[in-house]
Amino acid sequence: MAEGAGADGPTEGDRPLRRDAALNREKILRAAREVFGQYGLGVTLDDVARHAGVGVGTVYRRFPDKDSLVRALFQQDLEIRQQSAERALVHPDPWQGFVDFLTEMGADLAENRGLHEVIMLGSHSSEPLETARGGMLPFLEALIRRAQESGDLRPEITPSDIPVMVEMLSAASRFTQGRRPDIWRRCIEILLNGVRQRPDNLPLTTPSLGNETVEQMMGLVRPAPTEE
């Protein structure tokens with residue numbers, strides 16, 4: 001085994017990476033997170049290499065194309081979001097669990113343009129990413145049900161409302177063009193005040209989009225292939 005390569009260290013195929021190769025891989029992932037987060041997934045591997053301070057050949061040796069880099073980077077982010085939902089579901093206060101999850105999700109997507117494109121738009125899709133994205137709906141349904149049964153969340157709120165609310169937060173951050181990227185925090189306070197159940201709430205008169213429509217907008221539902 002090469003010096004510095006541990007049994008649990010990064011691997012390439014079935015082989016552990018050398019220490020210098022592993023360090024370069026981590027440097028590339030950090031740079032990609034910053035570049036994708038600021039500019040979105042439209043940047044090139046050359047842009048990532050420049051930001052990482054390595055040659056573009058080094059990037060291609062670790063990640064043969066941008067799709068493989070996106071998968072390596074954002075699969076972990078989606079797993080973190082699932083863990084956030086699991087924590088929220090066991091929170092002793094159902095409303096606070098709902099608030100915590102929505103705030104963490106809002107922060108991720110408002111402050112990370114690349115992650116927003118992966119989760120909300122289905123950019124650079126892959127089977128693992130699709131599985132992780134699609135797996136969020138049952139968590140949303142359970143979080144909403146708990147908060148409604150506790151009497152804290154308006155009964156009209158549906159799982160399809162959550163992606164729309166998160167998209168509103170992301171749009172607010174983009175609207176400021178970098179001057180006030182934290183404005184989503186003010187917006188989420190407004191949204192949370194709006195969805196909390198109160199005796200004097202007026203009923204919502206416009207129906208929600210529905211899960212099927214939201215999934216179509218997010219690219220989670222593909223049209224069936226037509227027969228020729």
Side-chain angles (χ1 to χ4, degrees), residues 33 37 73-122 128-176 180-215 217-218 220:
R33 184 175 299 280
L73 190 61
F74 291 112
Q75 179 64 32
Q76 183 180 23
D77 288 286
L78 287 169
E79 291 170 357
I80 291 171
R81 292 280 51 78
Q82 183 170 328
Q83 292 165 7
S84 171
E86 291 171 350
R87 287 195 304 273
L89 280 175
V90 297
H91 197 291
D93 182 336
W95 170 253
Q96 192 58 49
F98 174 80
V99 170
D100 289 349
F101 174 78
L102 193 62
T103 302
E104 290 179 23
M105 176 70 85
D108 280 347
L109 300 190
E111 297 172 358
N112 188 325
R113 186 171 171 182
L115 183 61
H116 170 268
E117 292 177 17
V118 166
I119 291 183
M120 300 302 295
L121 307 181
L129 292 180
E130 289 305 291
T131 299
R133 289 205 307 145
M136 291 305 298
L137 181 58
F139 288 107
L140 290 179
E141 291 173 338
L143 282 170
I144 288 172
R145 184 168 57 252
R146 286 183 82 228
Q148 288 173 334
E149 289 176 352
S150 72
D152 292 303
L153 182 65
R154 297 179 67 131
E156 306 102 317
I157 302 303
T158 71
S160 66
D161 289 317
I162 306 305
V164 179
M165 291 169 64
V166 171
E167 183 68 13
M168 291 165 67
L169 301 178
S170 300
S173 288
R174 293 194 300 272
F175 176 73
T176 67
R180 282 289 308 279
D182 65 336
I183 193 62
W184 70 269
R185 296 185 181 278
R186 177 180 176 85
C187 294
I188 198 172
E189 291 182 60
I190 296 171
L191 289 175
L192 288 171
N193 278 322
V195 300
R196 190 156 196 179
Q197 175 67 354
R198 291 184 176 85
D200 58 347
N201 279 344
L202 295 175
L204 301 178
T205 59
T206 305
S208 66
L209 288 178
N211 291 343
E212 184 177 352
T213 300
V214 167
E215 288 173 347
M217 300 302 296
M218 293 175 65
L220 284 167

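The first residue in the sequence is number 1, and the count goes up from there. The figures that follow rest on heavy atoms only: side chains count, while hydrogens, waters and symmetry mates do not.
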Are any side-chain N or O atoms of [X] and backbone N or O atoms of [Y], one a donor and one an acceptor, separated by less than 3.5 Å?
X      : Y      : result
Arg146 : His91  : yes
Ser173 : Pro181 : yes
Thr213 : Gly210 : no
Asn193 : Glu189 : yes

With rounding to the nearest 0.5 Å, note down the distance linking [atom1] in [X] to [atom2] in [Y].
X      : Y      : atom1 : atom2 : answer
Met105 : Ser170 : CE    : OG    : 10.0 Å
Arg33  : Leu73  : CZ    : CG    : 4.5 Å
Ser84  : Leu89  : OG    : CG    : 9.5 Å
Leu143 : Ile157 : CG    : CD1   : 13.5 Å
Phe98  : Asp152 : CZ    : CG    : 10.5 Å
Thr158 : Leu209 : OG1   : CG    : 8.0 Å

Can you tell if the side chain of [X] reaches within under 4.5 Å of the side chain of [Y], non-hydrogen atoms only?
X      : Y      : result
His116 : Asp108 : no
Gln197 : Leu153 : no
Phe175 : Ile183 : no

- For Met165, does the CE atom have more than 12 heavy-atom neighbours from other residues, nucleotides or ligands under 6.0 Å away? yes
- Message: Checking Glu156 now: which residues fulfil salt bridge (charged side-chain N to carboxylate O under 4.0 Å, His left out) with it, not counting sequence neighbours?
- Response: Arg154
- So among Val195, Ile144, Val214, which one has a side chain to side chain contact (heavy atoms under 4.5 Å, CB included) with Ile162? Ile144
Grab the two heavy atoms, one from [X] and one from [Y], that are nearest each other, plus how far apart they are.
X      : Y      : value
Leu191 : Met168 : CD2-CE, 3.8 Å
Leu140 : Pro159 : CD1-O, 4.1 Å
Ala110 : Leu169 : CB-O, 4.1 Å
Phe74  : Val118 : CD1-CG2, 3.7 Å

- Chi angles and distances behind the side chain to side chain contact (heavy atoms under 4.5 Å, CB included) call for Trp184, Thr176: CA-CA 10 Å; Trp184 70 269; Thr176 67; over 6 Å; no
- Message: By the definition side-chain hydrogen bond (donor to acceptor under 3.5 Å, both in side chains), identify the one residue from Arg186, Arg180, Arg185 that meets it with Asp182.
- Response: Arg180
- Task: Please determine if Arg113 and Glu117 form a salt bridge, counting it only when a charged side-chain N lies under 4.0 Å from a carboxylate O.
- Result: yes
- Query: Are Ile188 and Thr103 close enough, and set up right, to give a side chain to side chain contact (heavy atoms under 4.5 Å, CB included), and what steps lead you there?
  - Reply: CA-CA 7 Å; Ile188 198 172; Thr103 302; 3.7 Å; yes
- Query: With distance as the sole criterion, is a donor-acceptor pair present between the side chains of Asp100 and Gln96 under 3.5 Å?
  - Reply: yes
- Show your reasoning for whether salt bridge (charged side-chain N to carboxylate O under 4.0 Å, His left out) applies to Arg81 and Glu86. CA-CA 9 Å; Arg81 292 280 51 78; Glu86 291 171 350; over 6 Å; no
